[in-house]
Structures are given as C-alpha cells and as structure tokens.
Amino acid sequence: KWHWQPQDETASSRSMAMRLLALSSLIAIRIQVAGIYFESAVSKFSVNEWADGTALYYWITHPMIGAPHWEVRMLAPFLHSATLVSLATWGTLLLEFALSIALLTPQRFRAVLLVLAIAFHIAIALCFGILTFSLCMIAALILYLRPPDKLFHFALAARKRRVVRFAPAAFDLPPASPAPEPASRV
C-alpha cells in the first residue's frame, strides 16, 4: 500500500486530524486564490487601458516587459485588429472575475474554467516569458478548481513507464567480438 491509494474507513484519530489539517489548508488556499483573481480583476477596472480594451496591445508591445520582437511581428494581425485586442483584453477581465467566483459555481463550470485558465497562463508564459509565475498559478488553479476527492489518474505516465521498462531490450547490442591482436613485428 502506498500514500496515493485511498485509505480504508477505519482511519485512526491521528489520520483524521491529518485529513482535517489537509482540508483546512486546501480551503485556505482556495480562498487565497479566489482573492488573487478578484483583486486582479477589480484593480484593472479603474485603469483606462483595461476599460477601453487596449491594455493587451500596450502590454504585448512594451519594449521592456512585452513579447519579444519576433513574437510581436507574429502577433501583428491580432495586434492590428481593434476588435480582437478589445475582446482579448475584456476576456481577460471576464476570465479573472469568473475565476474569483468559481467556488460558487457548479463543478462542470469549474472544469471548463480550469482548462481556460491553464491556457491563459500558458499564453502568459509564452508571451511575456514569466514561466515560473505561470507554473505557480497553474498549480494553484489545480488546487483551487479540482475537486479534492477526485483521484489523479496517471495513465499516460504508467504507459510510458511500461514502454521504458521494455525499451532497454530494443537497444541491447550483440556482444562485442574480441579485438584483433596487433600484428607482431619480426
């Protein structure tokens, strides 16, 4: 038995205390993540560029913190469309606000939000190059939006492990033949 397997029904009082501590920590994390997204959305409402839908244009094209020049050139069709930039800017606000109230929504809506939020943070990592921030937020989102009683299934990892387990045989080389002896000089 290992720690990823569900425990049996006869858990000890120590185990019950540990579960209570874990659940309390999870609730605290969820409240914190909701607060992060609420603050992020609400604080942007008073900024003119977010209100008029141009903020993403300015952030992406900013010479110091924006996307690299090659990426700005690649995004030019998007950046030159006022409609697309406005929709993406306001969509960011909508997503952040929806994430702030996600705990009040049905689970099926949270699953959709999780996918959208992970895509959002991958886009931030690719566009602005802040990978560690995006990875931390994706981890926080998993804790925030995934049901605590749902087990993780690592079927793909298990399949790869089976492949790796059998892979070395495919790379076995025949035994090396003995090296020829050097010719002797007479």
Side-chain angles (χ1 to χ4, degrees), residues 4 19-157:
W4 289 105
R19 291 177 68 167
L20 182 61
L21 178 64
L23 187 58
S24 300
S25 299
L26 182 62
I27 290 169
I29 290 169
R30 287 178 163 196
I31 291 169
Q32 180 67 36
V33 174
I36 289 169
Y37 283 104
F38 181 77
E39 173 64 27
S40 181
V42 171
S43 66
K44 291 173 181 157
F45 291 151
S46 63
V47 178
N48 289 339
E49 291 80 9
W50 284 99
D52 68 16
T54 60
L56 281 183
Y57 174 84
Y58 292 118
W59 280 106
I60 291 172
T61 60
H62 192 279
M64 291 293 289
I65 56 174
H69 294 295
W70 65 268
E71 197 170 339
V72 171
R73 284 193 304 274
M74 189 175 73
L75 292 172
F78 164 76
L79 293 171
H80 290 95
S81 170
T83 304
L84 291 178
V85 171
S86 295
L87 287 174
T89 300
W90 294 328
T92 299
L93 293 173
L94 181 64
L95 178 62
E96 288 176 342
F97 189 74
L99 286 168
S100 75
I101 60 168
L103 290 180
L104 307 175
T105 64
Q107 182 53 47
R108 68 180 188 284
F109 185 66
R110 287 185 223 167
V112 171
L113 276 178
L114 180 60
V115 171
L116 291 174
I118 289 173
F120 172 69
H121 283 288
I122 289 172
I124 288 174
L126 294 174
C127 196
F128 299 110
I130 46 179
L131 181 64
T132 53
F133 165 76
S134 294
L135 289 175
C136 289
M137 292 310 297
I138 289 170
L141 284 163
I142 291 169
L143 291 172
Y144 179 53
L145 297 172
R146 189 173 167 82
D149 57 342
K150 186 173 182 184
L151 296 176
F152 284 92
H153 298 285
F154 299 107
L156 180 62

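Just so it is clear, the model here is predicted, and its values are computed rather than measured.
Minimum interatomic distance between Arg30 and Arg146 (heavy atoms only, all atoms of both residues): NH2-O, 2.5 Å. What you find for Ala117 and Leu95 is that their closest heavy atoms are CA-CD2, 4.3 Å. Here the closest non-hydrogen pair linking Cys127 and Pro68 is O-CD, 3.8 Å. Listed here is the closest heavy atom pair of Leu99 and Leu141: CD2-CD2, 4.0 Å.
Atom-to-atom distance recorded for Ile65:CD1 and Ile60:CD1 is 11.5 Å, nearest 0.5 angstrom. The structure places SG of Cys136 at 9.5 Å from CG of Leu131, a figure rounded to the nearest 0.5 Å. A distance of 12.5 Å separates CD1 in Ile31 from CD1 in Ile36, rounded to the nearest 0.5 Å. Considering CD1 of Ile29 and OG of Ser24, their distance stands at 11.0 Å, rounded to 0.5 Å. One finds the CH2 atom of Trp50 at 4.5 Å from the CG atom of Leu56 (value rounded to the nearest 0.5 Å). One distance of note links NE2 of His80 with CG of Leu75; it measures 11.0 Å at 0.5 Å rounding.
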Take Arg108 and Val112, measure what side-chain contact (heavy atoms from CB on, under 4.5 Å) needs, and give me the verdict at the end. CA-CA 7 Å; Arg108 68 180 188 284; Val112 171; over 6 Å; no

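Applying the ring-ring contact (aromatic ring centres under 6.0 Å, His included) test to Phe38 and every residue at least two apart in sequence or in another chain returns nothing.
Put simply, the side chain of Tyr144 reaches to within 4.5 Å of the side chain of Leu103, judged on heavy atoms.
By the 6.0 Å contact criterion, CZ on Phe78 is enclosed, its count of non-hydrogen atoms from other residues, nucleotides or ligands being greater than 12. Around atom CZ of Phe120, more than 12 heavy atoms belonging to other residues, nucleotides or ligands sit under 6.0 Å away.
Within the 3.5 Å criterion, the main-chain N or O of Ala51 finds a donor-acceptor partner in the side chain of Trp90. When atom types are taken as modelled, the side chain of Arg110 and the backbone of Leu145 share no donor-acceptor pair closer than 3.5 angstrom. One N or O on the side chain of Thr89 and one on the backbone of Val85 form a donor-acceptor pair closer than 3.5 Å. Side-chain N or O atoms of Ser100 include none that pairs as donor or acceptor with a backbone N or O of Tyr37 at under 3.5 Å.
Note on residues 45-74: no pairs pass salt bridge (charged side-chain N to carboxylate O under 4.0 Å, His left out), not counting sequence neighbours.
Ring planes of Phe45 and Phe97: tilted class, angle from 30 to 60°.
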